[in-house]
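Each chain gets a letter, A, B and so on, in the order its sequence line appears, and its residues count up from 1. Values below: all heavy atoms of this structure, side chains included; hydrogens, waters and symmetry mates excluded. Quantities reported herein were computed from a predicted structural model and do not represent experimental measurements.
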Protein chains: 2
Amino acid sequence: MSRVTLSQWQMLAAVVDHGGFSRAAEAVHKSPSTLNHAVHKLEEQLGVAVLEPVGRQVRLTEAGEMLLRRARQLLDNAASLEDVASRLAEGLEAEIVLAIDQLFPADALARALDAFSTAFPYVRVQLHETVLNGGVEMLKDGEADLLVSGLGAHGFLGEPLVTVRFIAVAHPDHELHRLGRGLDLRDLEQHRQLVVRDSAQGRSQDSGWLKAEQRWTVSHLDTSIGMLERNLGFAWLPETRLGDSLAAGRLKPLPLSAGRVREIPLQLIHRDQDRSGPATRAMARQLRDSVRRGVGGGA
Amino acid sequence: MSRVTLSQWQMLAAVVDHGGFSRAAEAVHKSPSTLNHAVHKLEEQLGVAVLEPVGRQVRLTEAGEMLLRRARQLLDNAASLEDVASRLAEGLEAEIVLAIDQLFPADALARALDAFSTAFPYVRVQLHETVLNGGVEMLKDGEADLLVSGLGAHGFLGEPLVTVRFIAVAHPDHELHRLGRGLDLRDLEQHRQLVVRDSAQGRSQDSGWLKAEQRWTVSHLDTSIGMLERNLGFAWLPETRLGDSLAAGRLKPLPLSAGRVREIPLQLIHRDQDRSGPATRAMARQLRDSVRRGVGGGA
DNA sequence: GAGACATGTTCGATTTCCTCGAATGTAGTG
DNA sequence: CACTACATTCGAGGAAATCGAACATGTCTC
């Protein structure tokens with residue numbers, strides 16, 4: 001099993017690129033005989049002639065041309081690999097873990113992840129879509145590097161990120177709409193409310209601020225929307241998640257006479273602001289930017 | 001500029017795969033200290049720890065996991081590269097040059113090329129769509145490895161490949177159709193015939209067997225069809241190229257009272273049957289197979 | 001066409017660095 | 001507390017890369 005060295009391919013490439021052994025030798029800071037030796041050994045190992053003499057020069061053979069083309073890719077990959085390693089050496093994380101509350105606008109999250117992945121293509125992202133204490137728990141247990149949540153975490157410093165506006169919605173045919181009048185909180189208590197389950201393992205706390213008599217609890221906000229569109233109740237939901245459903249008339253805001261909109265400020269919290277690596281910082285920046293752009297352009 | 005060797009990555013992979021230095025050492029037929037040295041040098045060169053001690057074993061660090069994943073791809077690519085070289089060493093051509101007469105059914109050619117490219121993904125194909133002596137000329141000048149042509153080449157041995165059936169066609173509104181009767185050759189002579197130009201550089205010879213008074217010569221058969229569909233003349237064309245046009249009614253066979261169909265046997269000719277490499281032979285086989293399948297399935 | 005030049009090639013000496021076995025250290029195990 | 005199994009360190013040996021010098025071969029110039 002003969003093994004050709006990367007530097008052998010490299011030297012072959014140098015000879016071809018610089019047009020000859022002597023010129024290449026200068027460029028690579030080696031002696032011409034070294035290059036000659038390396039290339040000939042390569043040819044011997046492969047059993048294929050890659051260079052052929054033409055006059056007092058050498059040229060690639062047909063086979064050599066083909067092999068070198070692929071070898072260059074190999075060299076690029078190797079260089080890229082070491083480049084990744086060097087960034088890792090500078091403290092770049094191999095993986096970052098995000099705990100993002102489901103309240104956070106999905107399109108802003110998508111934009112942030114997209115921008116991040118182009119800037120840091122080799123950093124894996126673990127995204128946890130959390131609810132309430134679920135995210136806080138992950139942060140406190142050291143399982144998440146970055147948290148976006150509506151709840152503050154004691155002992156952690158957060159910065160305000162974006163404020164999510166909540167509205168109460170239901171299917172257009174829902175009984176609350178059929179009343180045909182302004183509603184107050186007591187009206188809502190009479191009907192089934194859909195709330196999202198706290199994703200924390202330990203002590204958990206319910207989403208939704210109203211003590212509805214009937215209450216269904218689901219794990220994901222999208223599930224909740226799906227059930228609303230099937231007219232299975234009403235719910236308080238972030239405006240940003242309702243764009244399509246409202247526009248298409250599948251859902252309709254409830255006509256509350258007061259307190260129609262509730263606002264929850266989301267915070268961006270680092271596990272350890274000072275010790276966080278460049279990828280975590282970049283992701284935090286992307287999250288900030290994406291909500292800013294989202295406010296400026298979309299809403 | 002530190003350069004990590006392929007074998008260093010290889011040794012790291014071995015250590016990880018076999019779960020430890022000593023086990024890996026046996027598998028790779030090296031001493032444990034060799035592996036240790038190689039891995040530690042790698043870590044030093046990259047400035048990143050890839051293995052971490054856990055108990056009396058070692059495990060990949062997060063960074064190591066990420067780097068090794070990419071390194072494995074690199075190793076695969078390197079192995080693949082040498083594999084290609086070994087086939088080249090066995091006589092596999094880096095490139096084959098085909099001279100295929102335009103009469104050859106396009107779908108059969110496409111099938112053959114497709115099958116060939118999966119079997120020999122690294123062999124480049126140069127396809128020349130020739131006419132009459134053009135292909136023969138390429139063969140005799142040593143520019144083509146394989147020829148498919150209706151003309152024989154003196155001094156070369158050919159094998160019958162497929163017989164192409166020619167019919168005379170014109171636009172449905174063409175004057176020849178308006179006559180509303182069986183036609184003989186003298187009728188055809190009165191109208192403009194489209195012929196395809198011989199692609200030979202040297203002595204060339206016209207396609208089309210009739211001495212029409214008016215004659216337009218084009219370079220490609222498809223051009224001819226396009227002009228026919230614009231009712232610019234009539235032409236003798238291979239049946240297989242007319243499928244769509246006839247079915248859609250854009251062209252219509254001329255009602256010749258005799259000699260309605262002309263048949264031209266195409267031959268498959270090697271430049272040098274004995275010295276041809278495996279790729280050329282395989283391509284020849286694919287061409288044979290594809291016309292056989294074409295007859296069985298299509299027509 | 002003869003010399004000068006530039007280039008690839010071969011050869012032997014030198015040095016680098018890869019490889020190995022023995023010794024050492026350390027964490028689990030009875 | 002010995003014992004095992006493993007990683008690790010060290011120094012010696014050797015294989016292989018590197019180099020400079022001599023050689024061969026082709027082009028260019030006069």
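- Distance B:H40 NE2 to D:dT8 C1': 7 Å, rounded to the nearest Å.
- The side chain of B:K30 sits closest to C:dC20 out of C:dC20, D:dC19, D:dC6.
- Around the CZ atom of B:R87, the shell of radius 6.0 Å holds no more than 12 heavy atoms that belong to other residues, nucleotides or ligands.
- Nearest to the side-chain atoms of A:T34 among the listed nucleotides D:dC19, D:dC6, D:dT8 stands D:dC19.
- One interatomic measurement links the two molecules: CD of B:Q10 to C1' of C:dC18, which rounds to 15 Å at whole-angstrom precision.
- Atom CZ of B:R59 is separated from atom C1' of D:dA7 by 16 Å (rounded to the nearest Å).
- Here the C1' atom of nucleotide D:dT8 and the CD atom of B:Q57 are 14 Å apart, to the nearest Å.
- Distance A:E43 CD to C:dT10 P: 11 Å, rounded to the nearest Å.
- Picking from D:dC6, D:dT9, C:dT9 the nucleotide with the shortest atom distance to the side chain of A:N36 gives C:dT9.
- Here A:S31 lies in heavy-atom contact (under 4.0 Å) with a base.
- With the nearest nucleotide of DNA chain D identified for both A:H29 and A:V54, A:H29 has the one nearer the 5' end.
- As rounded to whole Å, 12 Å separates atom P of D:dT8 from atom CD of B:E52.
- Each of D:dC19, C:dT7, C:dT19 was ranked by its minimum atom distance to the side chain of B:M11; first place goes to C:dT19.
- The side chain of B:K41 sits closest to C:dC17 out of D:dC6, C:dC17, C:dT7.
- Judged by atom type and distance alone, A:S33 does not reach the base of C:dG8 through any side-chain donor-acceptor pair under 3.5 Å.
- Proximity note for A:V58 (side chain, C-beta onward) versus C:dT7, C:dG28, C:dT9: the nearest is C:dT9.
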query = Going through the checks in order, is the side chain to side chain donor-acceptor pair (under 3.5 Å) test met by A:S31 and A:S33?
reply = CA-CA 5 Å; A:S31 99; A:S33 60; 2.7 Å; yes
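- For B:R56, the side-chain atoms get nearest to C:dA27 when compared with the rest of D:dT18, C:dA27, C:dG8.
- Applying the ring pair (Phe, Tyr, Trp, His ring centres under 6.0 Å) test to pairs two or more places apart or on separate chains, those with a residue in residues 118-159 of chain B are B:F116-B:F120.
- Nearest nucleotide to the side chain of A:H37, out of C:dT10, D:dC19, D:dA17: D:dA17.
- Take B:Q273 and apply the side chain to side chain contact (heavy atoms under 4.5 Å, CB included) test, not counting sequence neighbours, and it matches B:H270.
- We find that CG of A:L51 is positioned 14 Å from C1' of C:dT7, with the value rounded to whole Å.
- In this entry the distance linking CZ of B:F21 with C1' of C:dT19 reads 15 Å, nearest Å.
- Open room surrounds CZ on A:R59; 12 or fewer heavy atoms of other groups in view lie less than 6.0 Å from it.
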